[in-house]
Amino acid sequence: MLPLIVIPARMAALQPDRRSIYIVRHPLDRILSARRHMNDRSGRDPFAEIAAGDDNALGFLRDTSLYGSQMAAYLDHFPRDRFHVMAFEDFVADQNAALGTVTDFLGLPPLHRIPEVHRNERWDDPEGGANRIPPAVLDLVHGPVVEDMETFRRISGFDTTRWNLDFDAWCAGAQGDT
């Protein structure tokens, strides 16, 4: 796998005028989704691996929510106006409106209405067990993610205040209470 610092340079060399769509979601929701994905695909539980000291599992969950660091790597090679940042939550709430902003950004004609895509119900967890993050994992991911969100807000213009990034809120959300 290529390190993040190599990928933007290669992309810029191949397509210097490219436009990119960057879809982000609340970092806590992204972490929970990544955990479910990893568990579904391989049967592994990254929370247990992190508790056992596995830095790769920690990186998988935490570092992929560092949107500011990720975007900064691309902004070293592309101007900011080549990126359209979209909240996943906006896409889920109104896919047609979200796709309208994408076609506008790309300079394409509007799409005809598309049928709404439905939520992946197999990830629903009525008991809330899959939506619980152990406090030790929260301690490792919360601080770096919140710190990076300030960088992301500054370089992208994305309003990160739409997400409650307060530690107590994360604790409540991580326990399925929100």
Side-chain angles (χ1 to χ4, degrees), residues 1-4 7-8 20-51 54-75 83-95 97-99 101-102 117-178:
M1 181 181 241
L2 292 173
L4 178 61
I7 296 168
S20 297
I21 313 301
Y22 191 25
I23 301 176
V24 295
R25 73 188 298 187
H26 189 295
L28 179 62
D29 295 339
R30 200 217 55 76
I31 289 167
L32 290 168
S33 177
R35 182 218 185 188
R36 286 188 297 263
H37 177 76
M38 186 180 214
N39 194 274
D40 283 353
R41 292 185 55 107
S42 67
R44 295 172 44 209
D45 182 357
F47 293 165
E49 293 173 11
I50 291 167
D54 185 336
D55 288 339
N56 289 328
L58 176 60
F60 173 76
L61 290 182
R62 181 193 59 210
D63 297 353
T64 50
S65 285
L66 300 179
Y67 304 145
S69 299
Q70 293 173 20
M71 188 167 202
Y74 286 87
L75 293 178
F83 292 87
H84 176 66
V85 179
M86 177 190 307
F88 176 76
E89 296 87 353
D90 293 343
F91 177 76
V92 170
D94 188 343
Q95 292 147 16
L99 289 175
T101 67
V102 169
V117 177
H118 297 285
R119 181 173 164 26
N120 187 347
E121 299 298 330
R122 70 187 178 97
W123 283 354
D124 284 347
D125 182 12
E127 270 91 61
N131 292 326
R132 296 199 194 305
I133 298 179
V137 174
L138 275 175
D139 286 340
L140 292 171
V141 299
H142 181 264
V145 168
V146 169
E147 184 178 313
D148 187 76
M149 281 299 136
E150 177 55 30
T151 300
F152 180 59
R153 184 206 53 76
R154 183 178 40 78
I155 66 176
S156 71
F158 183 85
D159 181 14
T160 58
T161 63
R162 69 185 293 150
W163 299 323
N164 187 347
L165 300 175
D166 177 72
F167 186 75
D168 291 336
W170 271 46
C171 289
Q175 300 308 316
D177 297 338
T178 62

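This structure is a prediction, so every number in the text was calculated from the model and none was measured.
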How far apart are the C-alpha atoms of S33 and R36, what are their side-chain angles, what is the distance that settles it, and do they pass the side-chain contact (heavy atoms from CB on, under 4.5 Å) test?
CA-CA 5 Å; S33 177; R36 286 188 297 263; 3.9 Å; yes
CZ of F91 to OG1 of T101: how many Å apart, nearest 0.5 Å?
10.0 Å
Could you go through L165 and M149, starting from their C-alpha distance and side-chain angles, then the distance that decides it, and tell me whether this counts as side-chain contact (heavy atoms from CB on, under 4.5 Å)?
CA-CA 9 Å; L165 300 175; M149 281 299 136; 3.5 Å; yes
What closest approach, in Å, do L61 and S65 show between heavy atoms, and which atom pair accounts for it?
O-OG, 4.0 Å
side-chain contact (heavy atoms from CB on, under 4.5 Å) partners for H142, two or more places apart
V146, F167, W170
For the pair Y67 (side chain) and R25 (backbone), establish whether a donor and an acceptor sit closer than 3.5 Å, ignoring hydrogens and angles.
yes
For residues P46 and A57, report the shortest heavy-atom separation together with the two atoms involved.
O-CB, 3.9 Å
Rounded to the nearest 0.5 Å, how far apart are OG of S69 and CD1 of I155?
8.0 Å
Listed partners of D90 passing side-chain hydrogen bond (donor to acceptor under 3.5 Å, both in side chains), at least two apart:
R162
Residue pair L58, V141: steps toward the side-chain contact (heavy atoms from CB on, under 4.5 Å) verdict
CA-CA 8 Å; L58 176 60; V141 299; 3.9 Å; yes
Backbone of T64 reached by a side-chain donor or acceptor of Q70 within 3.5 Å
yes
For R62, the side-chain hydrogen bond (donor to acceptor under 3.5 Å, both in side chains) test, sequence neighbours excluded, returns none
Tell me every residue that passes side-chain hydrogen bond (donor to acceptor under 3.5 Å, both in side chains) with D159, counting only those two or more places apart in sequence or in another chain.
T161
Considering non-hydrogen atoms only, spot the tightest contact between S156 and M71 and give its length.
CB-SD, 3.5 Å
Mind checking ring pair (Phe, Tyr, Trp, His ring centres under 6.0 Å) for F83 and listing every partner two or more places apart, or none if nothing turns up?
none
Working to the nearest 0.5 Å, report the span between CD1 of I50 and CZ of F60.
9.5 Å
How long is the span from the CD1 atom in I23 to the NE2 atom in H84, to the nearest 0.5 Å?
8.0 Å
Is there a donor-acceptor pair under 3.5 Å between the side chain of E49 and the backbone N or O of R44?
no
If we ignore hydrogens and angles and just use 3.5 Å, is the side chain of H26 paired with the main-chain N or O of E89 as donor and acceptor?
no
Could you pull out the closest heavy-atom pair between L66 and P144, with the gap in Å?
CD2-O, 3.5 Å
In short, salt bridge (Lys or Arg N to Asp or Glu O under 4.0 Å) pairs touching residues 134-151 with sequence neighbours left out are E150-R153
Once you measure the plane-to-plane angle for Y22 and F152, does it fall in the parallel (<30°), tilted (30-60°) or perpendicular (>60°) bin?
perpendicular
Main-chain N/O of M38 paired with S42 side-chain donor or acceptor, under 3.5 Å:
yes
